[in-house]
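Since the structure comes first, as structure tokens, the remarks are kept for the end.
Small disclaimer: the values here were computed from a predicted structure and weren't measured.
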Amino acid sequence: MVNDKILEFYKEFQDEVLTYVKENSPISTNTAFKTLFLSYLTEAGETLVSDCMLVDFKKDSENMKLDGYAFSEYFRSLTLLVSKYQAKPIPEKIKKTEIDKLLKKVLKFYKTCGTNDFEALEESSDGYQAYKFIKSHKADIETVNIILLTNDETIQYIPNDVHYGKITVRFDVWDIERLYQSVLGGTAVERQLVVKLKKKYGESLPLIKVKGDNEIYDCYIGVISGELLARIYETEGQDLIQKNVRSFLQAIGKVNKGIKVSLANEPQMFMAYNNGISTIAESIAVDEGRSSGDIVNITEITGWQIVNGGQTTASIYNAYKAKLPLEQVNVQIKLSVIKQKDRAEEIIHNISKYANSQNKINMSDFNANDAYHVKMERLSRATPIPVAKGKSTDYWFYERARGQYLVELNRQPTAAAKKEFKSRCPKNRCISKTVAAKCVMTYRGYPDIVSKGLETSFIYFSDMVSKGEVPEPSEQSYIEMIAKVILFNSCDEIIKNLKFGGFKAQQDYYTVALFGKYYSDLFDPLEIWNRQSINAETAKTIEELAYFVWNHFQNPTVPGVNIGQWCKKEECWELLQARYENEYKQG
């Protein structure tokens, strides 16, 4: 049975789902549940679910179900979701049998994608689109992650990995308690990564223990062979770089060419040219019989994380998969075993900040951006919404970290205080930094990037912040940001009422981008802030643009192309501009 705090969180989450359904009708409660759950997980750093395409497919007669999917090109991993949502007063207990049943439904879907059974489905259906997506990436998939999301409480059970051909299938379960711990408990309940060097890989790792004892950490330095590092990465994948993954994702496509060149042409020089990797762990197991003096022979590492050097690791792995010879490739390694668990995040942050980097974009850039969001958060708490008379007490609530709104709500001492807080800061005026970034990126003319998902959009936005391409936080820039959020939300409402059909999100992005490109003179941030709405002229313009965008979507360059995938390409945005200028902006 969950405790009172988790039960309170459960009820707040239920309310959030119902509110989301009301504000985004006609979506289902299940879609609202998945959308909100994934937004929390993404913010918590659960990269496997980043930018999932949500679907609602089930075929009970075939024992199949699918609620979402995503593919990571760099990690060569496919993520498949299954959800179980219920709206009862208290969460139920899900046992092993039901967990297995739900996860196997997704596994059955994946296996069926290897046949032609789905060819008979309606081409516009969720199941067919997911099937075509998976089929198109079939040759690149090395790992399949099947994840159960539920607002119930599950027993402490996650099925073991299984193998399907050459594919490793891994399972995970997120229930209401684990979500609570991630959002409000301060720590995410993660699958504990244990790298069994001797037992699983047939090798141990001899390192030198740095002299000097302290209560915070033990430090070990040495060399790891490129081949062993590649094999470990092949098996453990994203789990090995969870603490460094955002910075790593930022650098996708920008990996230092020198790494690739040295691996291909001068493997024996790799260690001289490369800065190596910095790693942390919770504990290690040592073969005492093969250790001597300061040299320890490590056979197992628990909680191992690469916090600097993710690009190096992935580049070596890619060389390994390309069958380049790695016999002469060695990588210097630093391993810090953290003894003070409560300081782990601080130490990880500083390792990433101060370690030498292979690339201009690294975790310190991402953390530097935190200052931007801290300032925006403070501005949101200090900038009341204007009122005609009297003193304003209403605010927008900028969520620098997902779950802050619930944390603040739960800090209110009484039911009356909570009600008053909700009145001043209703949930529909709570804006997460990822959603705010989406609205800004859309208006600035990046609908193709925003179409790739919240996480991808936020990474690009963070890069822009670090380069100084986004105005510094001030009352003016805060008001302008909220005005863009209001503009975006107004566009969403207009398009929803026009009832075009599918791809509403993409239509939102392209309509707002078109407005920002050609009608910025109608965008008056202060007027929108004062009104908390857009004026009639702006609304009329958005409606006209929405029709133009819809016609654009109906006429892609390649007939029959998946519109959702086409919207992610820059050519879709460029063609829309060309078509609009050709019809309205010439002569």
Side-chain angles (χ1 to χ4, degrees), residues 44-50 70-80 140-147 158-164 166-173 188-205 207 220 222-249 251-252 255 276-285 298-321 326 329 331 333-338 344 348 351-352 363:
E46 183 55 67
T47 58
L48 293 177
V49 299
S50 296
F71 178 71
S72 169
E73 292 180 11
Y74 215 88
F75 296 114
R76 299 176 184 177
S77 67
L78 175 71
T79 296
L80 303 175
D140 301 316
I141 297 171
E142 295 180 356
T143 306
V144 176
N145 304 288
I146 299 179
I147 303 175
I158 297 175
N160 293 325
D161 297 354
V162 299
H163 295 278
Y164 179 63
K166 295 182 179 180
I167 305 296
T168 299
V169 181
R170 310 180 71 190
F171 302 96
D172 204 357
V173 177
V189 183
E190 300 170 352
R191 168 156 52 178
Q192 185 72 297
L193 176 62
V194 181
V195 180
K196 298 181 178 181
L197 296 165
K198 190 69 177 175
K199 186 176 180 180
K200 192 170 182 177
Y201 300 96
E203 297 186 43
S204 55
L205 184 62
L207 297 178
Y220 304 83
V223 174
I224 184 171
S225 75
E227 186 172 347
L228 176 59
L229 184 59
R231 288 168 58 209
I232 293 170
Y233 181 78
E234 180 177 37
T235 304
E236 313 301 345
Q238 284 169 277
D239 284 353
L240 200 60
I241 57 171
Q242 280 292 330
K243 303 298 183 187
N244 187 33
V245 75
R246 272 214 174 104
S247 65
F248 182 64
L249 288 174
I252 287 176
V255 178
I277 62 175
S278 296
T279 72
I280 58 100
E282 292 185 11
S283 62
I284 59 174
I298 300 171
T299 58
E300 185 174 295
I301 306 177
T302 298
W304 200 19
Q305 290 280 291
I306 296 173
V307 292
N308 190 273
Q311 293 176 59
T312 295
T313 305
S315 296
I316 291 173
Y317 168 70
N318 286 333
Y320 173 74
K321 294 301 290 185
L326 297 180
V329 174
V331 183
I333 178 174
K334 178 172 68 175
L335 171 64
S336 300
V337 179
I338 311 298
I348 291 166
I351 289 173
S352 301
M363 184 169 273

Please assess Tyr233 against Ile306 for the test side chain to side chain contact (heavy atoms under 4.5 Å, CB included), listing each intermediate value before the final yes or no. CA-CA 10 Å; Tyr233 181 78; Ile306 296 173; 5.7 Å; no
Over all heavy atoms of both residues, which pair between [X] and [Y] is shortest? Give the atoms and the distance, please.
X	Y	answer
Leu326	Ala230	CD1-CB, 4.4 Å
Leu335	Ala281	CD1-CB, 3.8 Å
Glu203	Ser225	OE1-OG, 4.4 Å
Gly309	Ile277	O-CG2, 3.7 Å

Closer than 3.5 angstrom, by distance alone: can the side chain of Thr79 be matched with the main-chain N or O of Phe71 as a donor-acceptor pair?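 Not a single qualifying donor-acceptor pair exists.
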Which pairs pass salt bridge (charged side-chain N to carboxylate O under 4.0 Å, His left out) with one or both residues in residues 298-307, sequence neighbours excluded?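 As it turns out, there is no salt bridge (charged side-chain N to carboxylate O under 4.0 Å, His left out) pair with a partner in residues 298-307 once direct neighbours are skipped.
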Given side chain to side chain contact (heavy atoms under 4.5 Å, CB included), test Ile280 with Ser336 step by step and report yes or no. CA-CA 5 Å; Ile280 58 100; Ser336 300; 4.2 Å; yes
Quick one: list whatever passes side-chain contact (heavy atoms from CB on, under 4.5 Å) with [X], sequence neighbours left out.
X	result
Tyr201	Val195, Leu228, Arg231, Ile232, Thr235, Glu236
Thr143	Ser77, Asn145, Arg170
Lys321	Arg76, Glu142, Glu234, Tyr317

Taking atom CD1 of Ile224 and atom CD1 of Ile316, what is their separation to the nearest 0.5 Å?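 Rounded to the nearest 0.5 Å, the CD1-CD1 separation comes to 9.0 Å.
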How many angstroms lie between atom CD1 of Ile167 and atom CG of Asp161, to the nearest 0.5 angstrom?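 Reported to 0.5 Å precision, the distance equals 13.0 Å.
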Can you check side chain to side chain contact (heavy atoms under 4.5 Å, CB included) on Ile333 and Leu205, steps first, answer last? CA-CA 10 Å; Ile333 178 174; Leu205 184 62; 4.3 Å; yes
Evaluation steps, side chain to side chain contact (heavy atoms under 4.5 Å, CB included), between Leu229 and Tyr320: CA-CA 10 Å; Leu229 184 59; Tyr320 173 74; over 6 Å; no
Within the structure provided, determine whether Val162 and Phe171 are in side-chain contact (heavy-atom separation under 4.5 Å).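 Yes; the side chains approach each other to less than 4.5 Å.
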For Thr299, enumerate each residue passing the side-chain hydrogen bond (donor to acceptor under 3.5 Å, both in side chains) test, keeping only those at least two apart in sequence or located in another chain.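 Thr299: no side-chain hydrogen bond (donor to acceptor under 3.5 Å, both in side chains) contacts found.
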